[in-house]
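Below, chain A is the first sequence line, B the second, and so on; all start at residue 1.
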There are 2 protein chains.
Amino acid sequence: MATIYEVSALAGVSLSSVSRVLNDHEHVSKKTKEKVVAAMNELNYRPNTIARSLASNRSNSVGVLVSELHGPFFGAMLSSVELELRKAGKHAVITAGHSDEESEINGLDFLIDRKCDALILLVDAISDDYLIKLSKGNTPFVILNRNISEISDHCFYLDNELGGYLAAKYLIEQGHKEIAYISGPLTKQDSTERLTGHKKALAEANISFKESLLYEGDYLTKSGRDGINYLIKHKTTFTAVACSNDEMASGAMRGARDHKWLIPEQCSFIGFDNAFFTEYLYPQLTTINFPVNDMAKMSTQWILKNVYKQKELDIINMFIPELIERQSVKKN
Amino acid sequence: MATIYEVSALAGVSLSSVSRVLNDHEHVSKKTKEKVVAAMNELNYRPNTIARSLASNRSNSVGVLVSELHGPFFGAMLSSVELELRKAGKHAVITAGHSDEESEINGLDFLIDRKCDALILLVDAISDDYLIKLSKGNTPFVILNRNISEISDHCFYLDNELGGYLAAKYLIEQGHKEIAYISGPLTKQDSTERLTGHKKALAEANISFKESLLYEGDYLTKSGRDGINYLIKHKTTFTAVACSNDEMASGAMRGARDHKWLIPEQCSFIGFDNAFFTEYLYPQLTTINFPVNDMAKMSTQWILKNVYKQKELDIINMFIPELIERQSVKKN
DNA sequence: ATTCAATATGGAAGCGCTTCCAGTTTATTT
DNA sequence: AAATAAACTGGAAGCGCTTCCATATTGAAT
């Protein structure tokens with residue numbers, strides 16, 4: 001593997017000059033540049049990224065840390081973020097945290113140690129305090145799907161409360177009064193916010209919120225099914241169930257069907273996120289849209305602006321959910 | 001940020017000694033080791049991974065290149081690979097190739113330039129020749145879901161033909177004779193192999209394969225729906241449809257339902273992969289299991305054995321698909 | 001022609017670590 | 001106690017690049 005040294009020898013110029021053309025510096029004469037480029041081609045030269053990082057303390061790459069690598073929401077977000085970075089000519093270095101504080105911090109250190117120019121974090125186990133402290137460090141970062149007020153300009157998030165509100169309001173407008181709710185883990189910010197929105201809509205319609213109609217799931221498909229079974233076992237009655245994400249809604253529908261319920265005739269369902277598969281469920285799932293791509297795009301714009309000083313762009317931190325009306329809710 | 005130099009000064013030993021304890025070398029006295037560790041703790045020392053890579057030409061990380069970051073199959077594989085590596089104390093550096101040859105090669109170079117100790121490749125745009133040439137280079141790698149005979153010991157793949165065969169055979173056993181087939185892109189190895197297996201089962205049962213009942217999809221959900229529409233538009237008749245993956249099966253069911261067909265009463269469906277969501281479709285999808293986790297585990301074992309010389313393990317390159325019987329196929 | 005600034009180039013130090021070699025100390029054997 | 005091997009330690013070069021500083025060259029302005 002040829003080095004910058006061999007290139008300089010072949011081109012008959014100094015190391016510094018080669019380095020300059022490599023980095024697109026100003027103040028390099030056309031002639032030297034041509035000589036160097038020719039030499040590079042002849043030697044099939046490829047710069048050693050590691051050496052560059054060590055000497056310059058930069059890497060031209062952005063670290064992405066996600067709590068999970070799979071699942072419709074994380075998958076879509078990951079994919080979208082990577083695509084946006086790629087468009088901007090930056091490489092994404094992706095790693096996973098598994099929603100475990102130690103692993104997440106470990107992943108964070110890994111990316112920082114690798115001298116990523118910036119980080120994109122989609123994590124939930126690392127504490128607010130830790131992130132606030134991190135913001136005083138040298139590696140700039142943004143946080144997705146989470147709002148920490150002390151550093152909210154680094155955060156990109158959905159108006160979850162509005163989303164929860166919209167879902168419940170729609171069910172109420174369709175004539176439902178007894179509405180069960182399957183939430184995500186109530187230790188997580190987005191879960192509690194969505195539930196708050198739900199309650200707000202009920203209150204506005206003078207419907208009292210019943211604890212007995214609440215089941216705390218974990219955002220995974222299975223817990224939707226568990227939720228339905230729990231509600232049925234406890235002999236609660238309801239005509240609709242709102243779920244804190246689409247996967248649980250899908251699980252809940254499966255659970256309802258195990259009990260021979262007709263959907264939506266006997267029970268309506270509404271999800272959250274508008275994951276790609278919701279359109280392919282039967283019946284097609286009515287849900288709340290989470291503008292994943294917009295958020296991904298905005299977060300990379302923040303980085304291009306603040307880290308790479310590329311463009312002067314307006315940054316929006318909060319995104320607005322919207323109702324997607326399909327066929328899983330019937331008029332009551 | 002403290003360096004090895006400061007540690008050596010504080011501990012009163014040489015740079016080399018510090019490096020030795022850092023790398024768990026033999027021949028370091030207990031006393032020196034203790035002094036060094038104490039100094040490291042006091043200074044809150046964190047090794048600079050970049051510098052280590054430059055000096056040693058290693059990185060203690062494994063590069064993972066996938067064509068897509070999302071989707072049930074890629075997501076599951078990615079997640080599983082990462083988990084196995086993590087268990088083995090290796091870090092995964094993940095990047096995406098977007099099924100485009102230039103991007104994939106670009107991603108490959110990125111990982112090689114970053115001195116990954118080994119690579120795990122789940123790509124389909126890079127040519128066999130390129131990979132064969134790559135196998136003569138310095139970075140060891142394995143290839144998932146693809147078999148290149150010249151380097152088949154680096155390859156981990158499913159017996160796709162058997163899978164296709166199993167699916168068709170099951171449909172035939174259930175009394176189906178007119179079976180439509182929605183394939184993946186026929187430029188891809190797995191697609192054609194699955195189709196070959198399908199044809200083989202038909203032939204064994206003396207059922208002739210009709211070109212008119214074949215639709216070439218692209219493995220995405222939408223193309224399953226398109227396939228059904230195409231088949232209906234061309235006035236073909238069939239009582240079952242076999243799909244080359246679960247997403248297309250899900251799309252096909254949706255398409256059938258758009259035409260008010262009852263599933264499985266009027267038409268049976270079978271998928272491929274046994275993606276997590278198939279259990280939550282309605283009706284639950286009968287499909288062929290792809291042992292994603294086993295493959296992921298085996299590929300990291302190959303790396304632990306061949307690159308990190310950790311264990312002496314048996315390596316299996318070909319995996320066996322199995323029928324998962326659920327409710328989307330009825331007796332005819 | 002002379003001056004001065006702008007532009008272009010080379011030299012050399014240094015980024016933080018690994019690793020080879022040589023030298024020193026300790027333990028083991030006779 | 002001497003001889004030998006084994007265990008341990010330090011010095012120094014070097015991984016491939018960037019970047020600061022100093023010097024050389026060019027061109028424009030007087």
Mind checking [X] for me? I need base, sugar-phosphate or nothing, with any heavy atom below 4.0 Å counting as a touch.
| X | value |
| --- | --- |
| A/Ser17 | sugar-phosphate |
| B/Val13 | sugar-phosphate |
| B/Val28 | sugar-phosphate |
| B/Ser16 | base |
| B/Ser19 | base |
| A/Thr32 | sugar-phosphate |

Could you state the [atom1]-[atom2] distance from [X] to [N], rounded to the nearest angstrom?
| X | N | atom1 | atom2 | value |
| --- | --- | --- | --- | --- |
| B/Met1 | C/dC17 | CE | C1' | 15 Å |
| A/Asp24 | D/dT18 | CG | C1' | 15 Å |
| A/Leu22 | D/dT19 | CG | P | 11 Å |
| B/Asn60 | C/dC17 | CG | C1' | 15 Å |
| B/Lys115 | C/dT18 | NZ | C1' | 15 Å |

Is the distance from the ring center of B/Phe290 to that of B/Phe73 below 6.0 Å?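 Centroid separation for B/Phe290 and B/Phe73: below 6.0 Å.
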
Does atom CD1 (B/Ile315) have a neighbourhood of more than 12 heavy atoms from anything else shown, all under 6.0 Å?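 More than 12 within 6.0 Å, yes.
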
Position toward the 5' end of DNA chain D (nearest nucleotide), B/Glu26 or A/Ile50: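 Comparing both residues, the 5'-ward one is B/Glu26.
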
Quick check: on DNA chain D, is the nucleotide nearest B/Ser56 upstream (toward 5') of the one nearest B/His27, or the reverse? Name the residue that is more 5'.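 Taking each residue's closest nucleotide, the earlier one in sequence belongs to B/His27.
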
Taking the side chain of [X] as heavy atoms from C-beta outward, which of [options] is closest to it?
| X | options | result |
| --- | --- | --- |
| B/Arg52 | C/dT9, D/dG16, C/dT18 | C/dT18 |
| A/Ser29 | D/dG16, C/dA8, D/dC17 | C/dA8 |
| B/Leu54 | D/dT18, C/dG16, C/dC21 | C/dG16 |
| B/Arg58 | C/dC17, C/dT19, D/dT19 | C/dT19 |
| A/Thr3 | D/dC17, D/dT18, C/dG10 | D/dC17 |

Does the side chain of [X] get closer than 4.0 angstrom to OP1 or OP2 of [N] through an N or O atom?
| X | N | result |
| --- | --- | --- |
| A/Asn23 | D/dT18 | yes |
| B/Arg20 | C/dC20 | no |
| B/Tyr45 | C/dC17 | yes |

Carboxylate-amine/guanidinium contact [X] [Y], below 4.0 Å:
| X | Y | result |
| --- | --- | --- |
| B/Lys90 | B/Asp117 | no |
| A/Glu84 | A/Lys87 | yes |
| A/Arg46 | B/Asp113 | yes |

Quick one: do the A/Asp190 and A/Tyr219 side chains pair a donor with an acceptor below 3.5 Å?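 A donor-acceptor contact under 3.5 Å links the two side chains.
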
Is there a donor on the side chain of B/Arg46 or the base of C/dG16 sitting less than 3.5 Å from an acceptor on the other?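 Answer is no: no donor-acceptor pair is held.
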
